[in-house]
Each structure stands twice: as structure tokens, then as C-alpha cells.
Number of protein chains: 2
Amino acid sequence: MTENKDNLEKLIGLSKEKGLKLTPQRMVIFRILSESKQHVTVDQVYKRARVEYPMLSPATVYRNMEQMVETGLLTHLELSGASMRYDTNLDEHHHFVCSKCRMVTDVYLDNIKYSLDESRSQLGKAQINSLDLHLQGTCGECL
Amino acid sequence: MTENKDNLEKLIGLSKEKGLKLTPQRMVIFRILSESKQHVTVDQVYKRARVEYPMLSPATVYRNMEQMVETGLLTHLELSGASMRYDTNLDEHHHFVCSKCRMVTDVYLDNIKYSLDESRSQLGKAQINSLDLHLQGTCGECL
DNA sequence: TTACAAACGCAAATGATTCTTATTTAGGTT
DNA sequence: AACCTAAATAAGAATCATTTGCGTTTGTAA
Ligand SMILES: [Mn+2]
Ligand SMILES: [Mn+2]
Ligand SMILES: [Zn+2]
Ligand SMILES: [Zn+2]
């Protein structure tokens with residue numbers, strides 16, 4: 001997949017811009033992220049990473065992924081109850097979670113802007129920083 | 001407040017219907033809920049309850065509140081990261097959370113139905129059981 | 001090189017919630 | 001009034017994801 005390689009290049013480039021050091025641990029995490037499907041957990045990344053880098057610490061993965069969120073390389077979705085998921089899809093979108101298999105599906109919602117308008121008018125002077133629609137149910141597979 | 005008393009009566013009545021035993025612990029929890037503002041945490045209820053019932057166990061509060069959700073006396077909102085909030089407002093609505101003071105504000109969104117339609121068409125045969133809009137930002141007070 | 005902040009590994013701490021187990025009790029039934 | 005049993009409880013251990021403290025290592029840039 002040349003696509004993955006591009007992804008990896010992008011991560012490396014961006015992190016360089018942000019002044020992050022290119023440590024081997026970070027490289028492994030970057031590579032795994034660029035090869036992974038979206039919505040991975042820290043634990044998933046950690047388990048794959050330790051195969052090629054056995055002395056890697058989970059804390060390092062936690063620290064790095066959260067840092068990537070801060071620097072805008074990733075998004076994190078805090079799903080109710082379950083562990084944090086990290087999203088490489090930076091486009092504005094929302095999520096459906098299957099309560100059986102826990103699979104996360106992207107949803108693109110144009111009409112959500114009307115709900116944002118409604119919210120604004122009801123919340124008065126409050127400042128809205130984020131808006132996330134959480135859909136939950138049973139996916140096609142699990143039905 | 002006769003309103004609180006009505007609330008309490010309602011809780012007692014409903015729980016009787018559902019076959020829940022009227023233990024003193026449950027009564028204290030009911031009363032506190034009927035006197036509290038919306039969106040309380042288990043810990044808030046526990047701390048207030050132990051004043052009049054010092055031997056109360058936190059697990060009992062957890063058990064009771066979650067059971068009340070199951071029997072439809074309460075709703076719980078799983079806010080990202082923070083601890084679970086319990087809502088006595090059973091009307092369909094959504095929530096704004098201030099990231100400074102953690103205050104939770106109700107929002108009523110008519111237009112959200114259009115997002116539900118969009119979601120349905122994108123998710124195909126999946127069955128959607130719940131839809132929650134999480135708004136986050138800074139409240140008027142904190143600004 | 002030297003220097004210093006950034007990054008790490010490890011292990012302990014945290015915090016919310018759940019589970020376990022022995023004991024008590026509410027509320028219906030003789 | 002004594003009795004029965006499923007439901008409920010207290011207390012504390014366990015869980016699980018995540019965070020933090022700290023002593024050590026390592027990039028990077030002068
Ligand atoms: Mn996504
Ligand atoms: Mn509410
Ligand atoms: Zn599923
Ligand atoms: Zn606030």
C-alpha cells in the first residue's frame with residue numbers, strides 16, 4: 001500500500017513541524033497508526049507495537065497518542081464506558097457504535113448544523129467548542 | 001417545596017409498581033434525588049445521603065441508581081471521561097457540558113431528527129437505539 | 001563533545017465502578 | 001405473631017483504563 005506509506009510520511013512530516021523528536025518508539029507508533037484501520041484503542045496499538053519493540057511501555061503509547069491529539073495529528077473519541085478510541089480521520093464526522101461488537105462506524109451529517117444553530121440560541125452566551133453525535137445500536141452484521 | 005414531595009411520591013409509587021422494596025437506604029436516595037438538581041453523580045448523592053445514613057455503602061448507591069435507570073425512573077448520561085450523571089428529566093433532550101466547571105445544561109433539539117434520517121440512510125440495515133448530541137465548551141458563567 | 005529538554009520505562013497511584021461474600025431485612029404467608 | 005425467602009445491604013477486594021512520579025536515556029543543536 002503506497003497509501004500507508006504516504007500516511008506515514010505525513011505523520012513524520014507533521015510531527016517534525018511540531019517539533020516532536022523522532023524516537024524509535026514514536027516511529028513504531030506512527031507506522032502502526034498509518035497501517036491500522038480507524039478507531040483503534042491504545043491497547044491495540046500497544047499490542048502490535050510491542051511485537052517489534054518489546055521493551056515499549058504502555059505509558060509511552062498513552063503519552064504519544066494523547067500528544068498527537070494535542071498537536072492535531074489525531075482525534076480521540078471518548079465513547080461512553082469503553083476505552084478511548086483514536087481516529088486518523090480528521091474530517092468532521094460522527095460515530096455509530098454497535099453495542100454488540102463495539103464496532104465504530106463513521107457517519108457524515110450535513111444537517112447537524114441546524115442542531116448547532118438551535119443549541120447556540122438556547123445556550124446564550126456560552127461558547128461551544130465541540131459537537132459530537134453519538135449513535136448507538138446494533139450493526140448490520142450483528143443483527 | 002410541594003414539588004419535591006410530589007416527586008418523591010412519584011418515585012415511591014413507581015418503585016412499588018416495579019416491585020422494589022422500600023428500604024431505608026432507597027428512601028434516602030429517593031428523597032435526595034427528588035430534592036436535587038438534575039445531573040447528579042453517584043458520589044454527590046452518596047455524600048449527601050451518608051449525612052443522614054452514615055453506614056450507607058457507595059455500592060448501594062451505585063446499585064440503586066443503575067437499577068432506577070433499568071426500571072425507567074432515571075436516565076443516565078455517559079459523559080466523556082467524567083463520571084456518570086443521572087438525570088431526572090425523562091424528556092428527550094441533549095446536553096452541553098462546560099469544560100471549566102463541568103456544569104451540564106439541557107438542550108432541546110427539534111432539528112436533530114434530520115440528522116437521525118441522514119444517519120439511518122448511511123448506516124443501512126443497522127438498528128439505531130439511541131442518539132445523543134454532546135456539546136462541549138465554556139458556559140456563560142465561566143467566560 | 002557537551003548540554004539540556006524531551007522522551008522513556010517502570011512501577012505505583014488513581015478513580016470510577018463492579019464484584020464477592022456473609023449477613024440482614026422487607027414484605028408477603030401461614 | 002412467628003416464619004420464609006428473595007431482595008438488599010455493608011464492607012472491602014478486585015478491576016480496568018489511564019495517569020503520574022521519578023530516575024535514566026536519548027535526540028538534537030550549539
Ligand atoms: Mn471516525
Ligand atoms: Mn438533562
Ligand atoms: Zn456489531
Ligand atoms: Zn462553566
Side-chain angles (χ1 to χ4, degrees), chain A residues 11-33 39-47 49-71 73-74 76-86 97 102 104, chain B residues 11-30 32 39-47 49-71 73-74 76-86 97 102 104:
Chain A
L11 283 179
I12 293 174
L14 280 174
S15 78
K16 218 160 218 165
E17 276 179 36
K18 301 291 183 175
L20 301 182
K21 291 181 180 174
L22 278 184
T23 66
Q25 293 90 335
R26 190 163 282 152
M27 284 296 286
V28 173
I29 293 170
F30 280 179
R31 183 148 32 73
I32 285 170
L33 284 172
H39 313 131
V40 290
T41 64
V42 167
D43 196 59
Q44 289 168 343
V45 174
Y46 170 64
K47 288 217 171 82
R50 85 203 300 198
V51 174
E52 16 183 329
Y53 203 112
M55 68 289 276
L56 181 70
S57 161
T60 297
V61 184
Y62 274 104
R63 271 187 295 241
N64 271 283
M65 312 251 305
E66 209 46 50
Q67 193 181 28
M68 291 172 78
V69 172
E70 282 155 26
T71 53
L73 282 63
L74 285 183
H76 62 183
L77 14 158
E78 336 196 39
L79 307 176
S80 38
S83 35
M84 184 86 74
R85 303 275 186 150
Y86 290 82
V97 183
R102 300 270 111 197
V104 180
Chain B
L11 283 179
I12 294 174
L14 280 173
S15 80
K16 218 159 219 168
E17 276 180 37
K18 300 290 185 178
L20 301 182
K21 291 181 180 176
L22 279 184
T23 66
Q25 293 89 335
R26 188 163 283 152
M27 284 297 285
V28 173
I29 294 169
F30 279 179
I32 285 171
H39 313 131
V40 290
T41 64
V42 167
D43 197 58
Q44 289 169 343
V45 174
Y46 170 64
K47 287 215 172 78
R50 84 202 302 198
V51 174
E52 16 183 328
Y53 203 110
M55 67 288 277
L56 181 70
S57 162
T60 296
V61 185
Y62 275 102
R63 244 182 290 117
N64 272 283
M65 312 253 303
E66 209 45 51
Q67 191 181 29
M68 290 171 77
V69 173
E70 281 156 26
T71 52
L73 280 62
L74 284 182
H76 62 184
L77 14 159
E78 335 195 41
L79 307 175
S80 37
S83 34
M84 184 86 73
R85 303 275 186 150
Y86 290 83
V97 183
R102 299 270 110 198
V104 180

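The figures that follow rest on heavy atoms only: side chains count, while hydrogens, waters and symmetry mates do not.
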Atom [atom1] of [X] and atom [atom2] of [N]: how far apart are they, to the nearest Å?
X: B:Ile12; N: C:dA26; atom1: CD1; atom2: C1'; value: 15 Å
X: B:Met27; N: D:dA8; atom1: CE; atom2: P; value: 15 Å
X: B:Leu20; N: D:dT9; atom1: CG; atom2: P; value: 10 Å
X: B:Lys16; N: D:dA8; atom1: NZ; atom2: P; value: 14 Å
X: B:Glu17; N: C:dG27; atom1: CD; atom2: P; value: 15 Å
X: B:Asn64; N: C:dT25; atom1: CG; atom2: P; value: 16 Å
X: B:Lys21; N: C:dA26; atom1: NZ; atom2: C1'; value: 5 Å
X: A:Tyr46; N: C:dC8; atom1: OH; atom2: C1'; value: 13 Å

>> Walk along nucleotides 9-22 of chain C from 5' to 3' and tag each nucleotide B, S or - by protein heavy-atom contact under 4.0 Å, base first, then sugar-phosphate.
In response: BB-----SBBB---

> With sequence neighbours left out, what residues match B:Glu52 under salt bridge (charged side-chain N to carboxylate O under 4.0 Å, His left out)?
Replying inline: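 With neighbours one apart ignored, the set is B:Arg31.
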
> In chain order, what residues pass the salt bridge (charged side-chain N to carboxylate O under 4.0 Å, His left out) check against B:Lys16, with sequence neighbours excluded?
Replying inline: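 None.
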
> Hey, does the side chain of A:Gln67 come within less than 4.0 Å of C:dA7's phosphate (OP1/OP2), counting only N and O?
Replying inline: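 For C:dA7, OP1 or OP2 has a side-chain N or O of A:Gln67 closer than 4.0 Å.
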
Do [X] and [Y] come within less than 4.5 Å of each other through their side chains, counting heavy atoms only?
X: B:Met55; Y: B:Tyr53; answer: yes
X: B:Leu79; Y: B:Val104; answer: yes
X: A:Thr71; Y: A:Glu17; answer: no

>> Quick one about B:Arg63 and B:Gln25 (side-chain donor to acceptor, distance below 3.5 Å, no hydrogens or angles considered), yes or no?
In response: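 Their side chains do not contain a donor-acceptor pair, so the 3.5 Å distance test is not met.
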
